[in-house]
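I have placed the structure first, in the form of structure tokens, so that the comments after it can refer back to it.
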Amino acid sequence: MSHNEQIIAGSAKHPIVPQHYRYGTAGFRMKADLLEGVTYRVGLLAALRSRKLNSQAIGVMITASHNPAIDNGVKIVDPMGDMLEQEWERYATALVNAPSDKDLAKIYNALATDLKIDLEAPAKVIYGRDTRPSGHTLVTALADALDATNTEHVDYKILTTPQLHYLVRATNSEGTPASYGEVSEVGYYKKLAEAFVRTMKGKRIPQVLQVDCANGVGGPKLKEFLKHIPQDKVPFAVQVVNDDVLRPEVLNLDSGADYVKTKQRAPPIPKPQPGLRCCSLDGDADRLIYYWHDPETNVFVMLDGDRISSLAASFIGDLVESAGLRDELRIGVVQTAYANGASTHYITQHLKLPVICTPTGVKHLHHVAQGFDVGVYFEANGHGTVLFSLDAINAFKKTTPQSPAQKEALDTLAALTDLINQTVGDAISDMLLVEVILAHKNWNLRDWALTYQDLPNRLVRVEVANKDVFRTTDAERRLSHPEGCQAEIDQEVKKFKDARSFARASGTENAMRVYAEAATRSEANELAERVAGIVSRWGV
Ligand code: 16G
Ligand code: MG
């Protein structure tokens, strides 16, 4: 069979359900039974992408993260372990929307011609999936696309999303001076465990940490990771809960980082215990939220992505200062409009670090963070990481220390570059980072929470007939369209103290989101309701 015939035959085995698909912030994500044909087509695109980029390995991750178990999703990972280049999202959308198998082959060939891709060049795609049962079928469709296009492929089976990102980068850097680590899941654990022990420097955290894994892939993977810390060097006690991956229906059910962040309370199971340090991962372990019920004040305290961001920025900023590199390296923090105003104020006024706001979606934050030598980026929902430039890594490793304190700071910084996932936000790696910082500062969660006080805020989902009439500007903080709508929002915001509000179309759902914050809880609620009212009037 010719290539074309193979592609068409494969597509006939994995038919597409006709409807309009779009490669969004999380790739293609929807009910799993719509995804078989989509995944086949994503396989074709991944093969093209590998051939376009000198046969480097491309990743494909099959997951729907924090969404219900019946959903699934598929997204492409670029050679350095970052998200698919934005320009290519259009090509993905075009391939997936091809109306027939023949059209699919035509679009595939047209892309190859337009992008000057040699279809005879070698290609490599590696992939993994979360614990969803539908992952099996989708992986089969993906493998068929890779076979049809003569693409070498490796199935890493069940992984967290950040593990797949790690493996892509490790594969492409293997044997080079920039080697990212051993090309295996065990290599990932070994790298993290070694860096964790190295950054902890013999410090211990006496209090237990309860980790809620949303009954997703993070549970078994975290337990596997813990086995790689040498028994005599384990610095903390972890209690893994909600780690049932055998009953798919409980995935993300009343648990996980998204539950805690949106409901602003602890998962009901296990029964919350005052004073216990807790954190939650999401279903594919790329988001992290800390929380505890303070026994003294009897309040629930949530430490979200903004808190992790400011904690990391403060710790790393101090280390860079002690390492004598403050004038040499540019440190910055990247947030979205959802970042609590109090966190932005703390970072700019107290830590004296620049903050840049980008539109929602990890790819935007990641891209801007790459512009700093130390770029700290987190979404309030707990997704984020810290990126180090080559200059920063070299400075940490090559500066000759003039004092023991400077040496200590340089060593810790160098270890952090191995501990922190450089490809994408990684809940397990971020959790280790938080533990390291708390141990170094000798802080409990109350100390951490006391660094600043969050402004009360409220997020509302508004269903409208047509969300496409809403267009944003200024990193989603203002609406440019429909004209006149923003002026009405401004009028309302003015009536409240320390208030801020914005509306944006969701990138993952057919709805608008409205965020409001103000000096008191009731004012934040009131403002959110009023702005939601404006949005629903303009959205008809
Ligand atoms: C996606 C994004 C997440 C963002 C969320 C916003 C990635 C990997 N994920 O899940 O970062 O916060 O979308 O959803 O980029 P929304 O557009 O529906 O509000
Ligand atoms: Mg996720």
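Quick caveat, the model's predicted, so the values are computed rather than measured. Counting convention: from 1, in listed order, for ligands and their atoms alike.
At a threshold of 2.8 Å, the Mg ion (ligand 2) has a backbone or side-chain N, O or S atom of Ser65 nearer than that distance.
A donor-acceptor contact closer than 3.5 angstrom is absent between the side chains of Tyr291 and Arg307.
From the protein, the heavy atom lying nearest to atom 15 (O) of ligand 1 is Val362 N, 3.0 Å. In terms of protein heavy-atom proximity, atom 9 (N) of ligand 1 is closest to Thr25 O, 4.2 Å. Here the heavy atom of the protein found nearest to atom 17 (O) of ligand 1 is Gly507 N, 2.6 Å. The protein heavy-atom contact nearest to atom 4 (C) of ligand 1 is Glu379 OE1, 3.5 Å.
The pair Lys221-Glu185 meets the salt-bridge criterion, with a side-chain N (NZ, NE, NH1 or NH2) lying under 4.0 Å from an Asp/Glu carboxylate O. Asp254 has no carboxylate O lying under 4.0 Å from a charged side-chain N of Lys263, or vice versa, which leaves the two without a salt bridge.
At a 3.5 angstrom cut-off on N or O pairs, Glu509 does not count as close to ligand 1. At under 3.5 Å, not a single nitrogen or oxygen of Ala26, backbone or side chain, sits near a nitrogen or oxygen of ligand 1. For ligand 1, the polar-atom distance check against Thr360 finds no nitrogen or oxygen pair separated by under 3.5 Å.
Aromatic ring orientation, His366 versus Tyr377: perpendicular (interplanar angle above 60°, classes split at 30° and 60°). Relative orientation of the Tyr166 and Tyr180 rings is tilted, given thresholds of 30° and 60° on the angle between their planes. Note on ring orientation: taking the six-membered ring where Trp is involved, the planes of Phe28 and Tyr23 are perpendicular (angle over 60°, cut-offs 30° and 60°).
With Phe502 as the aromatic partner, Arg513 does not meet the cation-pi criteria of under 6.0 angstrom to the ring centre and within 45 degrees of the ring axis.
Residue Asn381 approaches ligand 1 through these ligand atoms, each under 4.0 Å from one of its heavy atoms: 12 (O). Here is the list of ligand 1 atoms found below 4.0 Å of a heavy atom in Ser506: 16 (P), 17 (O), 18 (O). The contact set between ligand 1 and Arg504, taken as ligand atoms under 4.0 Å from a residue heavy atom, comprises 16 (P), 17 (O), 19 (O). For ligand 1, the atoms closer than 4.0 angstrom to any heavy atom of Gly361 are 11 (O), 15 (O). Within ligand 1, counting atoms from 1 as listed, the ones closer than 4.0 Å to a heavy atom of Arg513 are 16 (P), 18 (O), 19 (O). The distance from ligand 1 to the heavy atoms of Met83 drops below 4.0 Å at these ligand atoms: 8 (C).
Put simply, CD1 on Ile58 and CG on Asn172 are 7.0 Å apart, with the number rounded to the nearest 0.5 Å. In this structure, CG on Asp418 lies 10.5 Å from OG on Ser429, to the nearest 0.5 angstrom. Rounding to the nearest 0.5 Å gives a distance of 12.5 Å between NZ of Lys52 and OG of Ser50. Within the model, atoms CG of Leu209 and SG of Cys279 stand 4.5 Å from one another, a figure rounded to the nearest 0.5 Å.
In Asp282, the N, O or S atom that comes nearest to the Mg ion (ligand 2) is OD2. Nearest to the Mg ion (ligand 2), among the N, O or S atoms that Asp284 has, is OD1. For Asp286, the N/O/S atom at the shortest distance from the Mg ion (ligand 2) is named OD1.
Neither the backbone nor the side chain of Asp286 has any atom closer than 4.0 Å to an atom of ligand 1 (non-hydrogen atoms only). With a 4.0 Å heavy-atom cut-off, ligand 1 is reached by the backbone of Thr508 and by its side chain too.
Of the residues listed (Glu476, Arg504, Glu379), the one engaging Tyr338 in a side-chain hydrogen bond (donor to acceptor under 3.5 Å, both in side chains) is Arg504, and it is the only one.
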